[in-house]
Student: 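Questions regarding the structure given below will be posed in turn.
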Amino acid sequence: MVMQTDSLIGLKDDMVAFIEGHGMFRFKGYVDENVGSVSWDDDGNPDSWKDFVEAAKGAGALFLTMSDAILEKDDVELLLEQLEDHEYPDTDSPDLEDAAELLLHVGKLGYVQLGFAHQGVMFLHETSTEWYDRYQQLTDMIDSLGDIVIEDAGEDPQP
């Protein structure tokens, strides 16, 4: 779910209160893409996380995993540095402009993940801001550029 807000701190506070109000515990932990999981389809409902918590309780979960991401200045500076290295000499790149605009969001909460385990599968609900999604796109792009191997022009490629 992508939220049209600058920070998710208020939403996170609401989530904590709602989870505790249902008598459930929170476990601080992030479920990464290497874990078998099913993502919650929110159908554009900004309060779908409440349905998710109620589904967890209905499935017998005693706790939910909860993780969040606050944008740090060092992370944005590193991203800008890496983009400048890859975009040189095009210093007017839209990617560089987008990354520079991320400095306006330093210290803000941009991502929250809720999860619960049921029958060996993790069920996940993820909420993010537009600017956090753009940050992720830019970091993924930099990571994929780092994976590109340039072959030496004097050698024949190996099959």
Side-chain angles (χ1 to χ4, degrees), residues 1-19 26-53 56 63-117 121-155 157-158:
M1 173 85 195
V2 177
M3 299 290 287
Q4 302 291 327
T5 185
D6 199 35
S7 179
L8 299 177
I9 193 69
L11 178 67
K12 180 184 174 193
D13 290 344
D14 290 347
M15 288 175 167
V16 169
F18 193 78
I19 292 166
R26 289 174 296 119
F27 177 82
K28 187 167 177 60
Y30 176 73
V31 179
D32 68 19
E33 62 275 356
N34 296 323
V35 175
S37 63
V38 176
S39 294
W40 184 266
D41 185 359
D42 58 35
D43 293 326
N45 177 4
D47 288 331
S48 66
W49 62 270
K50 292 177 183 177
D51 296 333
F52 181 82
V53 172
F63 66 90
L64 288 159
T65 61
M66 187 172 206
S67 179
D68 59 54
I70 295 175
L71 190 62
E72 302 290 339
K73 186 175 182 182
D74 291 347
D75 294 334
V76 178
E77 288 174 347
L78 178 62
L79 176 62
L80 280 166
E81 182 181 308
Q82 292 172 328
L83 280 169
E84 287 169 355
D85 290 347
H86 285 288
E87 299 290 335
Y88 180 80
D90 185 10
T91 57
D92 293 331
S93 163
D95 292 336
L96 277 171
E97 291 175 21
D98 287 352
E101 287 178 13
L102 288 171
L103 288 168
L104 299 171
H105 303 287
V106 166
K108 296 178 182 173
L109 183 66
Y111 174 81
V112 178
Q113 179 194 74
L114 297 176
F116 71 93
V121 177
M122 285 299 298
F123 292 85
L124 301 176
H125 186 285
E126 297 173 304
T127 305
S128 60
T129 60
E130 286 184 13
W131 60 261
Y132 187 81
D133 285 349
R134 183 61 179 141
Y135 169 74
Q136 281 301 125
Q137 289 170 348
L138 291 170
T139 56
D140 291 348
M141 180 184 74
I142 289 297
D143 289 346
S144 67
L145 287 174
D147 292 340
I148 297 174
V149 177
I150 300 173
E151 293 181 17
D152 185 352
E155 295 179 18
Q158 298 295 321

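On a predicted model such as this, the values are computed, not experimentally measured, just so you know.
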Student: Please table the atom pairs, donor to acceptor, closer than 3.5 Å between any side-chain atom in residues 63-73 and protein atoms at least two apart or in another chain.
Tutor:
residue	atom	partner	partner atom	Å
T65	OG1	G115	N	3.2
T65	OG1	G115	O	3.3
D68	OD2	K12	NZ	2.5

Student: Working to the nearest 0.5 Å, report the span between CD of E130 and CZ of R134.
Tutor: 12.0 Å
Student: Nearest 0.5 Å, please: how far is CG in D75 from CG in L102?
Tutor: 10.5 Å
Student: Rounded to the nearest 0.5 Å, what's the gap from CG on L80 to CG on D85? Could you check?
Tutor: 11.0 Å
Student: What heavy-atom pair brings S128 and D133 nearest, and what distance separates the two atoms?
Tutor: OG-OD1, 2.7 Å
Student: Starting from the C-alpha separation in whole Å, work towards a yes-or-no answer on side chain to side chain contact (heavy atoms under 4.5 Å, CB included) for D14 and W49.
Tutor: CA-CA 10 Å; D14 290 347; W49 62 270; 4.1 Å; yes
Student: Check whether T129 reaches the backbone of Y132 with its side chain - one donor and one acceptor, N or O, closer than 3.5 Å.
Tutor: yes
Student: Ignoring hydrogens, what is the shortest heavy-atom contact between Q113 and G29? Give both atom names and the distance.
Tutor: OE1-O, 4.2 Å
Student: Looking at NE2 of H125 and NZ of K50, how far apart are the two atoms once the value is rounded to the nearest 0.5 Å?
Tutor: 11.5 Å
Student: Going from CG on L79 to CG on L103, what distance comes out if it is rounded to the nearest 0.5 angstrom?
Tutor: 9.5 Å
Student: With side chains defined as the heavy atoms from C-beta onward, is the minimum distance between L11 and V112 less than 4.5 Å?
Tutor: no
Student: Tell me whether W131 contacts the main-chain N or O of D6 through its side chain, where contact means a donor paired with an acceptor under 3.5 Å.
Tutor: yes
Student: Please check if the side chain of D32 supplies one atom and the backbone of N34 the other of a donor-acceptor pair under 3.5 Å.
Tutor: yes
Student: Give the C-alpha distance, both sets of side-chain angles, the deciding distance and a yes or no for side chain to side chain contact (heavy atoms under 4.5 Å, CB included) between F52 and D42.
Tutor: CA-CA 9 Å; F52 181 82; D42 58 35; over 6 Å; no
Student: Measuring from Y30:OH to Y111:OH, what's the distance to the nearest 0.5 Å?
Tutor: 4.5 Å
Student: Once you measure the plane-to-plane angle for F123 and F116, does it fall in the parallel (<30°), tilted (30-60°) or perpendicular (>60°) bin?
Tutor: parallel
Student: Please report the closest heavy-atom contact between L8 and T5, naming both atoms and the distance.
Tutor: CD2-CG2, 3.5 Å
Student: What's the shortest heavy-atom distance between V76 and A99, and which atoms?
Tutor: CG1-O, 3.6 Å
Student: Salt bridge (Lys or Arg N to Asp or Glu O under 4.0 Å) with D13: which residues, sequence neighbours excluded?
Tutor: none
